[in-house]
Protein chains: 2
Amino acid sequence: MSLIVQKYGGSSVADAEGLKRVAKRIVETRKAGHEVVVVVSAMGDTTDELLDLAEQVVPVPSGRELDMLLTAGERISMALLAMAIKSLGVEARSYTGSQAGMITDAQHGSARIVDVTPKRVRDALDSGYVAIVAGFQGFNRGTGDITTLGRGGSDTTAVALAAALGAEVCEIYTDVDGIFTADPRVVPAAKKIDVITSEEMLELAASGAKVLYIRAVEYARRHGVTLRVRSSFNNNEGTLVTNPKDGEIVEEPIITGVAADLSEAKITVVGVPDIPGKAAQIFTIVAKTNANIDMIVQNVSSASGLTDISFTLPKSDAATVITALTAEQPDVGFDSLQHDDQIGKLAVVGAGMRTNAGVTAKLFTALFDAGINIEMISTSEIRISVVTRADTVNEAMRVVHSAFGLDGDTEAVVHGGTGR
Amino acid sequence: MSLIVQKYGGSSVADAEGLKRVAKRIVETRKAGHEVVVVVSAMGDTTDELLDLAEQVVPVPSGRELDMLLTAGERISMALLAMAIKSLGVEARSYTGSQAGMITDAQHGSARIVDVTPKRVRDALDSGYVAIVAGFQGFNRGTGDITTLGRGGSDTTAVALAAALGAEVCEIYTDVDGIFTADPRVVPAAKKIDVITSEEMLELAASGAKVLYIRAVEYARRHGVTLRVRSSFNNNEGTLVTNPKDGEIVEEPIITGVAADLSEAKITVVGVPDIPGKAAQIFTIVAKTNANIDMIVQNVSSASGLTDISFTLPKSDAATVITALTAEQPDVGFDSLQHDDQIGKLAVVGAGMRTNAGVTAKLFTALFDAGINIEMISTSEIRISVVTRADTVNEAMRVVHSAFGLDGDTEAVVHGGTGR
């Protein structure tokens with residue numbers, strides 16, 4: 001009897017009908033002879049409604065009490081889901097994050113899992129029950145307090161449970177058919193990917209693909225959990241995210257997918273003295289703000305002995321970083337700061353890049369032919385990212401998708417999406 | 001520094017405005033130098049909304065998962081209340097029933113408190129925090145599961161915490177000004193009672209007065225907790241519910257209040273052989289159904305050697321009891337069963353009855369003068385209950401209220417009411 005972890009997002013359990021549909025699928029999996037652990041998010045808009053309520057009470061709710069509030073969301077969906085499963089003749093028990101042994105650090109709102117002790121879940125399975133676990137939430141041993149894992153937290157809960165319980169597969173149910181070669185809302189010719197390595201998935205998730213959250217993919221990769229991303233609205237196979245072992249031969253397409261990200265801004269430090277240690281000094285200042293730096297480009301030094309350093313970071317971090325750098329301007333000795341929040345980032349991902357020359361050339365040619373200007377470039381072993389103007393990034397995604405032969409014959413079906 | 005437990009019902013925290021108003025009152029109490037523990041119910045209609053959701057999923061939700069679901073309600077209100085208090089500059093921490101040490105038996109939906117171990121609440125107070133505790137909910141040690149205490153459970157939570165923490169007073173905030181000599185919606189001349197003994201309060205609550213729940217009053221009486229029932233919408237003193245010690249001289253009014261109850265039905269077992277053991281046999285059958293019998297009247301035996309036995313019980317228990325008695329009819333040997341759900345029960349309560357003759361006579365005269373027929377009578381040391389036709393019970397309450405000189409000069413102000 002194999003153990004399957006299934007995670008259902010808020011859009012899959014948006015109302016009573018959705019809960020019953022999901023319950024039916026769980027019961028089918030159980031009756032097929034599998035042990036089933038289900039991780040469920042809050043129903044539909046519950047989280048936003050709770051946040052609205054909190055904002056009516058205090059302008060900026062945060063910390064311990066916000067976590068206490070938001071975890072009511074999964075408590076509702078998991079109890080209802082357990083009832084729905086029971087009404088189909090299969091015993092089910094729901095467990096909060098703390099009951100399921102999701103032990104985290106004490107960072108409210110974005111806690112990290114430090115241990116998973118799913119004894120009660122294991123006992124429930126041994127009794128023949130389906131175990132329903134609240135996604136997104138955990139428990140800190142030091143304070144005894146309830147925590148939440150932040151955006152995409154339910155994916156992480158599912159992967160962590162799959163790892164701790166030695167599940168055969170962790171199925172992430174969502175409202176799209178799987179991982180696509182590009183966002184089907186932007187690139188209608190995008191195709192569903194049947195198999196992708198976790199390494200590629202990680203690069204895609206980090207580059208703006210939103211179906212899976214990067215922390216969950218990281219966790220799955222580190223613990224060797226096999227993921228399957230599929231729709232809760234049909235029986236399609238979805239996308240398998242595998243962890244090929246070193247030396248294992250995997251047939252790798254050159255390019256697996258294309259992703260775009262409009263959430264970043266670019267800061268340019270203009271007129272930095274081109275002497276050793278200046279870049280280090282600048283990024284030490286930036287690091288102290290906890291901003292998440294992505295791409296860095298240092299221009300060739302001019303005759304004046306000055307250079308420019310550009311970097312990208314989440315738009316929400318830009319103001320803090322500008323304040324910090326301005327405070328240290330006399331000490332660093334740069335001329336000025338430029339802030340640009342109209343950039344778009346395009347990433348091309350594929351494990352086959354490692355062994356295929358010419359990918360960069362083909363990418364640049366496709367963009368040049370479409371008249372799209374490249375402002376920054378960054379590469380990893382299996383990814384090339386370029387920064388363009390924000391208003392050209394969708395067109396860039398389409399031409400690159402086509403240039404690498406990813407276009408499918410049929411248009412993808414697109415639903416709305418939520419994320420928790 | 002004295003410790004005050006304050007309980008706020010759902011109508012007091014129905015929306016963000018209500019939460020802020022309540023938070024302000026709590027902060028004032030804290031700033032007056034008291035330690036404050038707050039017990040809060042779910043906001044407004046939350047519980048009913050969650051029940052509706054559950055009924056959309058399964059026709060008759062029950063047990064463990066229903067408790068898991070409903071406890072989300074207090075989780076929401078307590079977290080929001082803690083935020084609201086913090087925004088007024090006073091530190092507050094919210095605790096679930098299990099975090100606050102409300103240990104219960106495993107009876108889902110109507111669990112009984114078996115132990116209270118409020119270590120985290122005590123620690124929070126010692127740190128100078130206001131402690132917010134979820135009403136209505138507890139935790140069973142054997143199963144590790146969340147339980148709920150049933151109707152009026154939040155009152156019980158507050159009283160149990162007050163007892164365990166040695167609180168000076170347990171304030172029950174509601175949407176009326178306190179305990180009245182009769183339901184002001186029925187008797188406009190009803191007066192607010194300033195002081196009442198817990199013994200009298202118990203009789204009033206058992207007789208249909210709905211402001212305080214009987215289990216909470218019982219608990220308060222057993223543990224010597226002083227209660228104050230008051231409105232969260234004004235600063236009136238409300239009603240103090242005291243526990244005078246044996247021998248303590250209390251100035252007792254003859255009659256403290258009048259209550260009516262329309263929730264009971266009457267079953268008459270007709271033609272019971274008037275031989276020893278028959279009544280015992282009948283009530284053994286009834287006891288097995290777990291029905292809650294209230295009043296019992298056995299008629300004088302007729303010449304035929306047969307007698308009738310009548311008893312009252314909650315309307316909701318009547319069908320079960322009739323089924324059980326009918327099944328045993330050949331064995332018991334009665335003629336037939338009569339079921340009457342059009343009865344009303346009127347109770348007159350007052351500790352002064354003990355030492356005052358003539359109360360019964362005055363009651364009967366008042367009802368006779370009003371042309372109201374008495375069908376059953378039951379008395380305790382400090383209460384007289386009579387059963388009348390349901391449609392005369394309100395008029396009976398008014399004439400009795402007036403006959404015992406309880407009528408006030410001004411009409412009471414009445415709000416709506418909820419109960420959890």
Side-chain angles (χ1 to χ4, degrees), chain A residues 13 15-20 22-23 42-43 46 49-50 52-88 91-96 98-99 119-120 123-124 132 134 139 143-146, chain B residues 13 15-20 22-23 42-43 46 49-50 52-88 91-96 98-99 119-120 123-124 132 134 139 143-146:
Chain A
V13 293
D15 52 21
E17 287 317 303
L19 284 162
K20 287 193 223 175
V22 165
M43 292 170 72
T46 308
E49 287 164 15
L50 291 173
D52 279 355
L53 252 178
E55 277 160 25
Q56 286 174 38
V57 173
V58 289
V60 188
S62 67
R64 180 187 189 278
E65 300 303 331
L66 189 59
D67 281 358
M68 188 68 100
L69 177 71
L70 295 183
T71 49
E74 290 82 27
R75 181 171 276 245
I76 294 169
S77 56
M78 74 180 191
L80 291 170
L81 187 54
M83 290 177 195
I85 292 170
K86 265 183 96 162
S87 78
L88 297 175
E91 281 293 327
R93 294 282 186 284
S94 68
Y95 299 98
T96 63
S98 95
Q99 289 177 334
K119 182 181 179 309
R120 292 194 68 183
D123 288 349
I132 317 283
F139 173 75
T143 60
D145 285 338
I146 304 300
Chain B
V13 292
D15 52 21
E17 285 317 303
L19 283 161
K20 288 191 221 175
V22 164
M43 293 170 71
T46 307
E49 287 164 14
L50 291 174
D52 279 355
L53 253 178
E55 278 159 24
Q56 286 173 39
V57 173
V58 287
V60 187
S62 66
R64 181 187 189 277
E65 301 303 330
L66 188 60
D67 281 357
M68 189 68 99
L69 176 73
L70 294 182
T71 49
E74 290 83 26
R75 180 172 278 247
I76 294 170
S77 56
M78 74 182 191
L80 291 170
L81 187 55
M83 290 177 195
I85 291 169
K86 265 183 94 162
S87 77
L88 298 175
E91 280 293 328
R93 295 280 184 286
S94 69
Y95 299 97
T96 63
S98 93
Q99 289 177 334
K119 182 182 180 307
R120 293 194 67 183
D123 288 349
I132 318 283
F139 172 76
T143 62
D145 287 337
I146 304 300

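The figures here come from the full heavy-atom set of this structure, side chains too, leaving out hydrogens, waters and symmetry mates. To find a chain, count down the sequence lines: A is the first, B the second, and so on, and within it residues start at 1.
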Query raised in the report: Does any heavy atom of chain B fall under 4.5 Å from the side chain of A:Ile132, the backbone, both, or neither of them?
Result: neither

Query raised in the report: Which answer fits A:Ala23, side chain, backbone, both or neither, if we ask what part of it has an atom under 4.5 Å from a heavy atom of chain B?
Result: neither

Query raised in the report: Looking only at heavy atoms, which two atoms of A:Ala92 and B:Glu65 are closest? And how far apart?
Result: O-OE2, 3.8 Å

Requested in this report: Against chain B, work out which of A:Ser94, A:Ala16, A:Pro61, A:Ser87 has the most heavy-atom pairs shorter than 4.5 Å and name it.
Outcome: A:Ser94

Query - Region of B:Leu81 that comes under 4.5 Å of a non-hydrogen atom in chain A - result: neither

Query raised in the report: Using non-hydrogen atoms only, which part of A:Leu19 is less than 4.5 Å away from chain B: side chain, backbone, both, or neither?
Result: side chain

Report summary line: Counting heavy-atom pairs under 4.5 Å with chain B, the top scorer among A:Ala79, A:Ala82, A:Gly63, A:Ala84 is A:Ala79

Requested in this report: Give the member of A:Ile76, A:Leu66, A:Thr96 that has the highest number of heavy-atom pairs under 4.5 Å with chain B.
Outcome: A:Ile76

Query raised in the report: If every non-hydrogen atom of A:Gln99 is compared with every non-hydrogen atom of B:Gly144, which pair is closest and at what distance?
Result: NE2-O, 3.4 Å

Query raised in the report: Looking at B:Ile146, B:Val58, B:Val60, which makes the most heavy-atom pairs under 4.5 Å with chain A?
Result: B:Val58

Requested in this report: Work out which heavy atom in B:Ala54 is nearest to a heavy atom in A:Leu80; give both atom names and the distance.
Outcome: CA-CD2, 3.5 Å

**Report entry** B:Glu17 portion near chain A, given a 4.5 angstrom heavy-atom threshold
**Finding:** neither

Report summary line: Output for pair (A:Met78 CE, B:Leu69 CG), nearest 0.5 Å, gives 9.5 Å

Report task. Write down the atom of B:Thr143, the atom of A:Arg120, and the distance for their closest heavy-atom approach. Result -> O-NH2, 3.0 Å

Query raised in the report: Looking at B:Leu53 and A:Met43, what are the two nearest heavy atoms and their distance?
Result: CD2-CE, 3.9 Å

Query raised in the report: B:Arg64 and A:Tyr95: which non-hydrogen atoms are nearest, and at how many Å?
Result: NH2-CE2, 3.5 Å

Query raised in the report: Between A:Lys20 (side chain) and B:Gln56 (backbone), is there a donor-acceptor pair under 3.5 Å?
Result: yes

**Report entry** Side-chain (B:Arg75) to main-chain (A:Gly73) donor-acceptor, under 3.5 angstrom
**Finding:** no

Requested in this report: Answer with side chain, backbone, both or neither: which region of A:Asp15 has an atom nearer than 4.5 Å to a non-hydrogen atom of chain B?
Outcome: neither

